[in-house]
Structure formats: C-alpha cells, structure tokens
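Report on the structure given below.
Each chain gets a letter, A, B and so on, in the order its sequence line appears, and its residues count up from 1. Quick caveat: nothing in here was measured; it's all calculated off a predicted structure.
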Amino acid sequence: MSASVELQDVCADFGSFRAVDNVSLSIEAGEFFSFLGPSGCGKTTILRMVSGFISPTAGTISIGGKDMRNQRPNQRPTALIFQNLALFPLMPIWENIAFGLEARGVDKKTRRKRAEELLALVDLPNAADKTVAQLSGGQKQRVAIARALAVEPSVMLLDEPLSALDLKLRQHMRAELRAIQKRTNVTFIYITHDQGEALAMSDRVAVMSHGKLQQVAPPREIYNQPATGFVAAFVGESNIFSGTLASRSGDRGEFQTESGVFKGRLGPDIGDGAKLYVRPEHVKLDAAAINGNTIPVEVTDIAFEGNFISIQTIDATGRTVVSETRNDGTASVPDRGTKLFASFDADKAFILADEAKNQPVAAA
Amino acid sequence: MNDLVHRYGTALTLLMCLAVAFWLVILVIVPNLYLFENSFRPYLPVQDMGGPKDVYTLKNYLTFFNSPIHITVFISTVLYSSIVTVICFVLAYPLAYYLSKKVSVKSLPAIFLLLTVPLWVSEIMRSFAWFIILSLRGPLNYLLINIEVIDKPIRWMTGFRSVIIGLVYTYVLFMLFPIYNAIQSLDTAQIEAADDLGAPWWRIHWRVILPHAKPGIASGSVMVFMLSAGSILVPTLLASTNSRWFTEIIQQWMFESLDWNTGAAYAFLLLILCTVFVTLVMRIFRVKLSDIAK
C-alpha cells in the first residue's frame, strides 16, 4: 500500500531563482513526514515535484524505488490534498470522493459503495448526497482526505490543508489526520509553516530555508538539538547571542559574547558566523550567581501566558534575555526592576552556524 | 438615486436619466410597440385607414402559418442558426480554454487585440470580403487547388455553406468571450486535482471544466443563435437563390411589398418562436436564466 519516496540531488529553478537547492532525502514507506519552513522556502515546490505538476531542474525523484521522470500526475501513485482542497462544487459529495474511481472505470454501484465506506472512515456518514457548499470547513477537509484516499495512493501529499481552519478545529484535525494515517498506513508527506502541526503529527520533520534542507530529524530532536541557527530560531523561541568561538574541545566550545563567555554544545559545520542559542525555558533566574554561563540581569517585563510565564530581562549591555517558567499555580514571579542572575546549562546552549552549508545528514 | 444626486448634482443626474430614458423609451420601446400594434392590423390602402375595415385581426400572423414556403424558410433559419451556434462553440471552447488556462498573462493583451481587430471593420465589409474569398475563382479555391487539397474549384456560394461560414466568422467572438470568462473563473487547482486523481484530459473537460463553463456556453449560444437568426447582412450578401433567411422575407414584406403590418407580424414571430426555441433548448440542457445573467 505505502511506498517510500526518494529525493536525490533535487533542484528546481524558476528563471534565475532557485526554489529548491540540491535536496536529498529518503522518506520511508508508511512514514508521516513533514516539510516545515517559512513561505517561499521551497516546500510547496518539492510537493508539486513529487506529485508531478512540475519537473525538477536536476536530480531524481523516485517513489517505491521507481524513477518518476516523465510520469504525469495521473500516472503517479500519489494523491495531493490541495491547500484550498479543490473539491468539485458541482458534484455531490459521493461523486467527489469517487471521482478517481470513475476515472479508473469502476462501475457506479461500486463507486457509491466505496464512497460511503470512505465517508465512514473519515467520520462523515450521511453526507454522500450533500453538496460541497452544505459542508463546514472541517467537513470539506474530511471529504478532501476521503477523495484522495479513494484512489488508494501509496503516498499522500498534503499542502497545508489545515491552514484555513480555526484553531480548535485545526488541533482536532491534527489528531484526526494522524489517526487516519495510522489506520491506512499510507506514506504522508505534509507541508506546513506551522511548527506545532509539524512537531505534533510527524514521525520526522525536514526544516527548510531558502530551498535548502536545514535539518531532517524526529520532532524532539529538531526541537532539542537544532542543527542550525535557522532551526533554533524558527522552531520555538531562542535567546540569540552573537559573538565568536573562543575555544573548542570535542563537541563543546567556549563562546565569547559582549555579555561574557559562555560554554555550549557545538553544532555541525560552524563557520565564522556562528551564534549561541538558548531556549527561554532553559534560562533560570536566581537571586545568587551560579558559576559559569551566568549573566546579571534586571527584570523589565512579565508576560503571563497561562500555562507559562515569560519574564523579559536586560543585561548590562542592554541585551534582552527571556526566561520562561511553567506556571504550576505557585511559581513566584519577580517584580519589575528586580536584579537577578540569569543562567543556563552548557548542555542546553547551542553554538550553531546560521544556516546549513552542506546537506544535513538525515537521521533514520 | 440619492447617491447619484449627491455625486453629480441634480442637473447632471437629471440629464443622465433623461438621456437613458429617451434612448430606452423613444428609440426602443415606442417603435417596438408601434410595430407590435401594427402587426395586428390589416394592410390597407390609405383611404381605408381608420375606416370600418381597420380592425384588429390575427390575419398577418396567419399568413405565415398558411404559407409552407415561409415555414420552411423559418425552419431552415432556425436549423442553420443552430448549426452556426454549434460550430462557434466547437471553435470557441478550445480557444477559450487555451486563452484562460494555458496562455501566459503577458501575451494575453496581444492575443485579444488580434482577435478583436476584425471587429473594427464593419460587418458589411467583412461579408463582402467573404463574398470575394468564397467566389468560384476566388482566393480560397485558388489556395486549395494550389496546395492540392482539391482538384477543381468548389462552388461555395450555393446552399447555406457560405452563410454558415459568414455567420460563424461574424459571431464567433460572441461565443468566445462568455466561455473565456467562465473558464477563467475556474480554480486551476480543480483541474490539477482531477488530473492528480488520474482523470485523462477528456474526462477533466467533461466532468470539471465543461460543467463549470456551462453558464458561459449558454449565454454565448443564446447570443450567437439570436444574432444569427436575426442577421440580415450576411445572408443577403452570401446566400444564393436556393438559401433564403427568414429576415430576408421580413425585409421583402416591408420594402418590396411595403406591407409593414405583415412584416411586423413576421418580425415578432421570429422573436417569439426563437425565444421559445431557446427556452426549450435551455430546458434540455438544464440551464437556468439566472445562470446566463451571471
């Protein structure tokens, strides 16, 4: 049922603009794989190349070990869910879902039966004879998924399908999509700019920027061990310190900044442009100084976010350092103007190059 | 209305409204009502007008139904107008699809200019041009013989051939533009979705593009059909003795017999019967009037 997808040195040029730059990665059969990146990073171009609407300028794409060169979209074992869903408004729901079967010459009775089975699968019984306009956003979503599943694709391609839904529904559909993927065991390739979606649903995430892969790893590794500065800054929040690498030993280094010298973990391929990244939840505020990685700061602002509290401080050089604490209901919050010491663990500080220079090594 | 007064002032608003009213009432409604009223009165010598013989009658309308030749001409007019409409559709649909979904936006203005340039020349000149092109020793036969498609000249201007050619040429753009607009409004993602789901090109057209373009096709067809059935220049210039158009009969009644009453009756018959025909065809293709007005 499901198939692996292999991208080998894939490039896509639009005129002189390189939308996808030398991307190589392999997606395993049955995997839920996400491409995460800001708009214009090339993720949609990759999806359209896999589905066959555009051809790579260079490189090869293979699905299930078969080279997809010169295979039209209607010849590929893929089904694409469009950003705007692209349901056919003039057909009833069941004909929408059965359209792919109709194209394969399946008789009407079987088509109707299959459409109803799929409607049950996506939890939309009794919708068969409705029109597209009669459905809500979330229901249309399900119809689009059912329509794509009807052709029994080996690979499902999803182009930010949840972006038009409101927050609650989006969170619900995340779980739903994940469940459908597990049930059908089809390879899902999911495109999003929403890190929450990518981290919550995926087996692995590829973070992209300017057409290049930044990191390919499981969600936790993306968040906990960002490979590049771009990943550290784009996925979650980071305190960023500019400076220079003073010394290195093994995978540790000392980083010289205006606010002092900090110890941290070294990322791959560090050049001259490296910076130090620390997540706000790893910055602790204490009354007394702790040895190493400590900055004297003054509290400037406190933002209560519900499940966590974000405390903004500045150090002597005027740099903002943000610290986040979980709100357990009893956490004490310092007053504005309080002088404290911000500190972080060397294990949780990363010295990283801005962007990937070479292809990251894809973690299995 | 208040908005208009507010924006243009009372005098200008009044002027605009009066101008529109003049055009609509004096130039359109009154002449038509006059003809409509006349169509129910007999054609009489001047001295009998207003006399005892001048009564309302259906005689003028019955003249048509009692004249098999005129009925035949009417039927062939409807038939050949339908053929013209179908040919226009067959020509315009692929072109409209190509223009709205395949051509780059940059080259559209140039293409539309090329398409509309012929409209700058009056209809009568264009019909004369076809008269020359289609003549027995004209350029078309010369070309066809020289590229060895035919070995002896074709007599184009016999039967309805030349009328069909002339009408298609004159009215094809009235089919093209509504279909172009309709297909233009179709989300390209729907075509891609159908393609992605494995549909071959003809099924994409049959199930996705054509249904979406139906209102455009309908309004284009109504326009081409009505314009063709009501055309007088093209049939007059390009028809032969064995192919007469219904409008020519109306013209004969009015200008040769000077019987405006019967001519008016025939004109309204053309309008009414064509409207009935169009309504029937719309019923068959399940098109609503509101679809066309869109």
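Annotation: the span from Phe82(A) atom CZ to Asp196(B) atom CG amounts to 5.5 Å, rounded to 0.5 Å. Atoms CG and CZ, on Leu197(B) and Phe88(A) in that order, are 5.5 Å from each other to the nearest 0.5 Å.
Counting heavy-atom neighbours within 6.0 Å of Lys113(A) NZ, excluding the residue itself, gives a total of 12 or less. The local environment of CZ in Arg183(A) is crowded, with over 12 non-hydrogen atoms from other residues, nucleotides or ligands closer than 6.0 Å. The neighbour count for Asn70(A) CG, taken as heavy atoms of other residues, nucleotides or ligands under 6.0 Å away, does not exceed 12. Around CG of Asn126(A), the count of heavy atoms belonging to other residues, nucleotides or ligands within 6.0 Å does not exceed 12. Within a 6.0 Å radius of NZ in Lys101(B), more than 12 heavy atoms belonging to other residues, nucleotides or ligands are found.
For Arg147(A), the parts lying under 4.5 angstrom from a heavy atom of chain B are both the backbone and the side chain. Heavy atoms closer than 4.5 Å to chain B are found in the side chain of Leu90(A), but not in its backbone. Neither the backbone nor the side chain of Leu85(A) comes within contact range of chain B, judged by heavy atoms closer than 4.5 Å. Within the 4.5 angstrom heavy-atom criterion, only side-chain atoms of Phe99(A), from C-beta onward, approach chain B. There is no contact between Gln75(A) and chain B, counting heavy-atom distances below 4.5 Å. Contact of Asp195(B) with chain A is made through backbone and side chain together, with heavy-atom distances under 4.5 Å.
Options Arg76(A), Arg72(A), Glu102(A) differ in how many heavy-atom pairs under 4.5 Å they form with chain B, and the most are formed by Glu102(A).
Minimum heavy-atom separation, Gln190(B) to Pro89(A): NE2-CD, 3.1 Å. Here the closest heavy-atom approach between residue Ala199(B) and residue Ala103(A) is recorded as CA-CB, 3.6 Å. The two residues Asn84(A) and Ala189(B) come nearest to each other via the heavy atoms OD1-CB, 3.8 Å.
Looking at heavy atoms from C-beta onward, Pro211(B) lies out of side-chain contact with Met91(A) at the 4.5 angstrom threshold.
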